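Contents: one structure, followed by commentary.
First listed ligand is number 1; within each ligand, the first listed atom is number 1. Quick caveat: nothing in here was measured; it's all calculated off a predicted structure. Values reported hereafter were calculated over all heavy atoms of this structure, with side chains retained and with hydrogens, waters and symmetry mates removed.
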Amino acid sequence: MNPAYEKLLKCYKACENKLPYNPKIGIVLGSGLGGFADSLSIDAEISYSEIEGFPVSTAPGHKGRFVFAKIDDIPIVIMQGRVHYYEGYAITDVVLPIRLMGLMGIEILLLTNASGSVNPQYLPGDFMLITDQISNFTPSPLVGANIDELGVRFPDMSNIYRGELQEAIRNAAGKLKVSLREGVYLQFTGPNFETPHEVKMAGILGADAVGMSTACEALAANHMGIKVAGISCISNLGCGLSDKPLSSEDVNEMAALSGPKFEKLVIQTIKEFGELL
Ligand code: HPA
């Protein structure tokens with residue numbers, strides 16, 4: 001058996017009997033949304049450390065647990081803390097939690113993150129609906145023997161961020177009167193921030209925002225047939241778009257400032273997604 005699949009099944013077995021229900025929607029919380037689960041009535045939680053073999057995030061400020069809760073009666077699973085490729089994990093480990101949520105039963109995955117702007121019109125504090133992505137700067141999580149149980153060898157990627165989910169996010173933003181940018185997310189490996197020319201390159205390639213997560217997760221989810229949606233919180237101008245050097249403290253501070261508004265947008269988005277289940 002493919003070792004990545006073997007590990008995935010082992011992790012699933014370790015949490016199968018702790019699931020309060022089969023969640024229909026999965027959410028990955030990015031920077032700034034750390035407190036999101038605190039506002040919900042939690043039905044169950046599973047710490048990543050309880051799942052043998054599960055990659056535990058080393059990134060500062062990232063908690064590590066799955067939280068199960070309901071929003072408008074929709075059963076959801078929330079990943080509070082994700083694993084990043086820059087932490088040194090194999091890319092198949094980075095996407096293991098996503099695949100695990102797939103095995104738990106999610107049909108829709110909402111990915112959130114903080115990102116740097118590439119499009120000069122996109123400013124810190126803006127939210128960007130992700131319409132497509134560029135993931136070629138990190139290895140594909142599908143390299144290696146295909147896990148036929150999850151998806152096909154050569155999956156189509158023309159429609160990762162489903163149109164109907166994009167429309168639902170636009171509706172959610174509209175109802176809340178939150179202005180929403182739209183664009184293409186490009187994932188670099190990190191952990192270093194980009195150089196000015198790397199940001200310039202990202203723009204030439206068609207990106208509007210850059211970050212260090214999300215695209216590989218979306219790719220693995222799409223492989224499994226999970227419908228993906230994504231929202232970036234622009235936490236800073238990309239390198240070269242301002243004179244200020246970048247620091248993770250500033251990025252986290254700005255993401256935290258956007259947190260309350262981001263939380264509202266995510267909650268309303270889940271409600272809108274509920275109409276599509
Ligand atoms: N670059 C890469 N990742 C990021 C950034 C950035 O400017 N901001 C937040 N995550």
Number the atoms of ligand 1 from 1 as they appear, then name those within less than 4.0 Å of a heavy atom of Ser235, with their elements.
8 (N), 9 (C)
Who's the nearest protein heavy-atom neighbour of atom 3 (N) of ligand 1, and how far?
Gly211 CA, 3.3 Å
Under 4.0 Å from one or more heavy atoms of Gly116, ligand 1 contributes atoms 5 (C), 6 (C), 7 (O), 8 (N), 9 (C)
Side chain or backbone of Val210 under 4.0 Å from ligand 1, or both, or neither, by non-hydrogen atoms?
both
Between ligand 1 and Ala114, can you find any atom pair, the residue atom being a heavy atom, that is separated by under 4.0 Å?
yes
Taking the inter-plane angle between the rings of Phe262 and Phe127 on a 0 to 90° scale, is it parallel (under 30°), tilted (30 to 60°) or perpendicular (over 60°)?
tilted
What are the atoms of ligand 1, with element, lying closer than 4.0 Å to any heavy atom of Glu194?
1 (N), 2 (C), 6 (C), 7 (O)
Under 4.0 Å from a heavy atom of Met212: give me the atoms of ligand 1 that qualify, with their elements.
2 (C), 3 (N)
So the atoms of ligand 1 within less than 4.0 Å of a heavy atom of Val251 turn out to be 9 (C)
Looking just at side-chain N and O atoms, do Ser158 and Asp156 make a donor-acceptor pair shorter than 3.5 Å?
yes
Which bit of Ser115 gets closer than 4.0 Å to ligand 1, counting heavy atoms only: side chain, backbone, both or neither?
backbone
I'd like to know if Glu16 and Lys13 make a salt bridge, using a cut-off of under 4.0 Å between side-chain N and carboxylate O.
no
Quick check: Phe188 with Phe193 (ring centres under 6.0 Å apart)?
no
Check this for me, if you would: do Lys227 and Glu107 make a salt bridge, where the nitrogen-to-carboxylate-oxygen distance has to be below 4.0 angstrom?
no
Is the ring pair Tyr86/His84 parallel, tilted or perpendicular, if the boundaries are 30 and 60 degrees?
parallel
Just heavy atoms, cut-off under 4.0 Å: does Asn236 contact ligand 1 by side chain, backbone, both, or neither?
side chain
Residue pair Asn113 / Ser232: nearest heavy atoms and the distance that separates them:
OD1-OG, 2.6 Å
